[in-house]
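First the structure, in the form of structure tokens, and then the observations on it.
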Amino acid sequence: MLLTSNVHRVLLHVSAFSLSQVNSQRLFSVEYAVKLLKKLVDDGNFKLGKAVHALLVVSSHASEDHIIQNNCLINLYSRCGQLAVARRVFDRSSQRNVVSWSILMAGYLHNGYAWEVTKLFKDMISVDKIFPNEYVLSTVLSSCSSGGLLHEGRQCHTLVLKAGLVFHQYVKNALLSLYTVSSDMEGVLEILKSVPGLDIITYNSVLKGFLDHGYTSEALDVFSRMLAHGSAGDSVSYVNIFGLCARFKDLKLGKQVHCRMLKSGLQLDVFLSSAIMDMYGKCGEISGARYIFDSYANHNVVSWTAILAANFQNECFEEALKLFLRMELQDVIPNEYTFAVLLNSCAGLSALGCGKTLHARVEQTGHGAFVVVGNALINMYFRSGHIEATRALFSSMICRDTVTWNMIISGFSHHGLGEEALDVFQHMLAAEEQPNYVTFVGVLLACGHLGRIEEGFYYLQHLMRDIGLEPGLEHYTCVVGLLGKAGKLDEAENFMRSTPVTWDVVAWRTLLNACNVHCNYGLGKRVADHLLQLNPNDVGTYILLSNMHAKVKRWDGVAKIRKLLRERNIKKEPGLSWTEIRNETHVFVSDDTQHPETAQIHEKVRKLLADIKPLGYVPDTASVLHDVEQEQQEGYLSYHSEKLAVAYALMKTPSQAPIHVIKNLRICDDCHSALKLISKVTMRMIVVRDVNRFHSFQDGSCSCADYW
DNA sequence: GTAGGGTTAG
């Protein structure tokens, strides 16, 4: 009676309603205890499982000599992460068998102690003289794969052959993943050939293995072989294949696979919907991602983050931030990836206020310590033009990876801080962080700003090769920019002719831009013609061309281009600038009259322009007019959006505050020279982010040194 | 009484 009440007390302690689940009288039959423990572990009800253990101890029924009951207990504790307790039960058991060992090994494997498993394995054979079965071998093989113990894994392969277990599905699959981890895809193919019988798990792990090692066509081959052999493919197979489409941004293939999946009648699950959203997002078809998001109801953090990321990747930054509010309303707890996407969305908008709020939040939740979050913060502060905050963050970061270094290097470069960028690069080398493809893009950009031609070529031709990196189009384009900026236009052109790559619009535009800045009309005209052949409607080319005409005072040329644009009805994307003041974003369109304070803003611009006139400002009408519609009324003064934004910010912020403006296009010559002088007369720092880079105006000069 | 494959950031 006393015993029963003890029993009840223990159970009541655990949960009020669980009492009915346990028949305390029958608990003392081992069979019942075993059955109960298994059920509780299966349900993940570890709390009650532990209570049952307590009960067995209290009632002196924890028979140390009952193998099966002990095995259940070992399993219980290793499943809920209490390895030490599991180990104690194991060590105290007077008897144990191959199952006991197998359970304990699985426990160590799943709790991240893969290398301990091989030790246990040796003990099992040498101390208990037990020969491994299929359970033990598959667990040990998995441990070798995940612990990187490739040599031991191969020894186990011999044992597998000895035991005649190569045909066993679990063992075979564990072997295959061992060879996959070892990057021995030939070994994988050999096992596939020599051992027949593939189940869905085999297909999927081989598929993943090929994908991870870049064997794309082999992966697709496995997939189609699977379909051909009547195995429909489950959600795991499709997740992998969608991952492939995403990686290669192959929308066509992605859609085909999606159709195939729909035909097979496979239902969406949270993994699958994440993978499909990821695919559509990376392939640039946000509508597809949104459709999937709406078709599935049980989203978790990952799938929410996937739809946020898809929006981010397609530049729907605001949408991403709005969706996050919905996510929070549904009580989904964000993780480090979520915060990274959100911060990067803020970076896209240069929404410093929102970014700062998120910064505070990640500090509070502890997510700030994740590299992905740190990198996103750096990106956010950089893109919002706050270099000081970036420097502070970078030096305080505990974990840095290649991306961190790359961001700092290219960030400094985009701000025109070439010296600092190269300095960081040297630190990166000293820290033995391996530079990659992206690193050198930033490095070459920095060389460009500093005009260090020889150094740039050294990195391109020697350092990259020494590291084993093949220079690509982006690097070569940087070199064109490097030579162009230094005024070595013929060298730049020769470099383009002699380098065997397919040059894209970006590269030609870099050269054209250099021609424009250095007033090389002849070459500029040729390059522009070439660009217009590639894309006859490219407004950017027309603008640069017209600029060049204006510089050499060929006004007929300017007029001709304007006429051409009108005839072909080619319209420039409207100029748009925005600035954030006390957490509110104010957007300005060129020639905007919609703003409630238009009159005051225009008055302010007029005053500013009058103030800088004595400093030598002459309105550059040629440059201004490109933004203006031809039907502009006579006598009406129009202003570019960045002038409006700067004027407004000057009106609304304290007299020492730096001003941050973001613009969707390239800043024009006129605004550039005006802003330089405005920074001088107002004694303000004005940072403008345009499509290409940052311009930091201070005391009459700009960080781009008038080349952009 | 035990074991295998999957999703989100740059």
Side-chain angles (χ1 to χ4, degrees), chain A residues 30-31 33-35 37-38 41-42 66-76 78-79 96-107 109-110 133-143 145 168-177 180 199-209 211 234-243 246 269-279 281-282 299-310 312-313 334-345 347 370-376 378-379 401-404 406-407 410 436 438:
Chain A
V30 173
E31 290 73 21
V34 165
K35 235 177 169 174
L37 283 168
K38 178 173 161 49
V41 169
D42 285 347
H66 198 284
I67 298 184
I68 297 181
Q69 185 176 289
N70 280 343
N71 288 349
C72 286
L73 290 169
I74 299 167
N75 196 32
L76 167 74
S78 63
R79 287 294 201 89
R96 54 202 185 195
N97 59 11
V98 68
V99 181
S100 329
W101 284 98
S102 164
I103 294 170
L104 190 67
M105 286 176 189
L109 171 60
H110 294 141
N133 65 4
E134 64 275 25
Y135 285 87
V136 171
L137 279 171
S138 49
T139 305
V140 174
L141 282 167
S142 297
S143 307
S145 314
H168 190 277
Q169 290 293 5
Y170 282 76
V171 177
K172 187 175 70 185
N173 291 335
L175 258 180
L176 284 170
S177 47
T180 306
D199 67 1
I200 187 78
I201 308 278
T202 320
Y203 276 122
N204 289 342
S205 44
V206 173
L207 184 59
K208 177 84 166 51
L211 288 177
D234 64 1
S235 88
V236 179
S237 335
Y238 279 96
V239 164
N240 283 324
I241 290 293
F242 282 123
D269 65 21
V270 73
F271 290 98
L272 196 46
S273 65
S274 307
I276 305 175
M277 290 189 286
D278 182 47
M279 182 278 287
K282 294 217 168 96
H299 289 294
N300 65 6
V301 217
V302 179
S303 57
W304 268 103
T305 306
I307 189 67
L308 296 180
F312 162 74
Q313 284 147 359
N335 67 14
E336 65 274 23
Y337 293 109
T338 323
F339 284 120
V341 175
L342 292 170
L343 284 164
N344 286 326
S345 300
F370 286 95
V371 205
V372 279
V373 177
N375 292 346
I378 287 186
N379 189 30
D401 63 4
T402 318
V403 179
T404 321
N406 289 353
M407 273 185 161
S410 81
N436 64 14
V438 182

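Below, read A as the first sequence line, B as the second, and so on, with proteins coming before strands; counting in each chain starts at 1. Note that the coordinates shown come from a computational prediction; the quantities given were computed from them, not determined experimentally.
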By the 4.0 Å heavy-atom rule, please label A106(A) as base, sugar-phosphate, or nothing. sugar-phosphate
Only one of V341(A), D278(A), N300(A) clears side chain to side chain contact (heavy atoms under 4.5 Å, CB included) with T305(A); which? V341(A)
Atom-pair distance (CG on D199(A); P on dA3(B)), nearest Å: 17 Å
Just call it for H110(A): base, sugar-phosphate, or nothing, with non-hydrogen atoms closer than 4.0 Å on any strand. sugar-phosphate
When rounded to the nearest 0.5 angstrom, what is the spacing between CG in D199(A) and NZ in K172(A)? 6.5 Å
Atom of V301(A), atom of N335(A) and distance for their closest heavy-atom approach: CG1-N, 3.7 Å
Under 4.0 Å, counting only non-hydrogen atoms across every strand here, what does N97(A) touch: a base, just sugar-phosphate, or nothing? base
Measure CG/L76(A) against C1'/dT2(B) and give the value in whole Å, please. 14 Å
Per-nucleotide protein contact string for nucleotides 5-10 of chain B, where B marks a base within reach and S marks sugar-phosphate only (heavy atoms under 4.0 Å, - for neither): BBBBBB
Residues S78(A) and G107(A): closest non-hydrogen pair is CB-CA, 3.5 Å
Would you give the length of the straight line joining atom CE of M105(A) to atom OG of S138(A), rounded to the nearest 0.5 angstrom? 10.5 Å
Value in whole Å for how far the P atom of dG4(B) lies from CG of L207(A): 19 Å
Would you mind classifying the nucleic acid contact of R96(A) as base, sugar-phosphate or nothing, using non-hydrogen atoms under 4.0 angstrom? nothing
If you take atom types as modelled and just measure distance, does the side chain of Y170(A) reach the base of dA3(B) with a donor-acceptor pair under 3.5 Å? no
Is there a donor-acceptor contact under 3.5 Å linking the side chains of N97(A) and S100(A)? yes
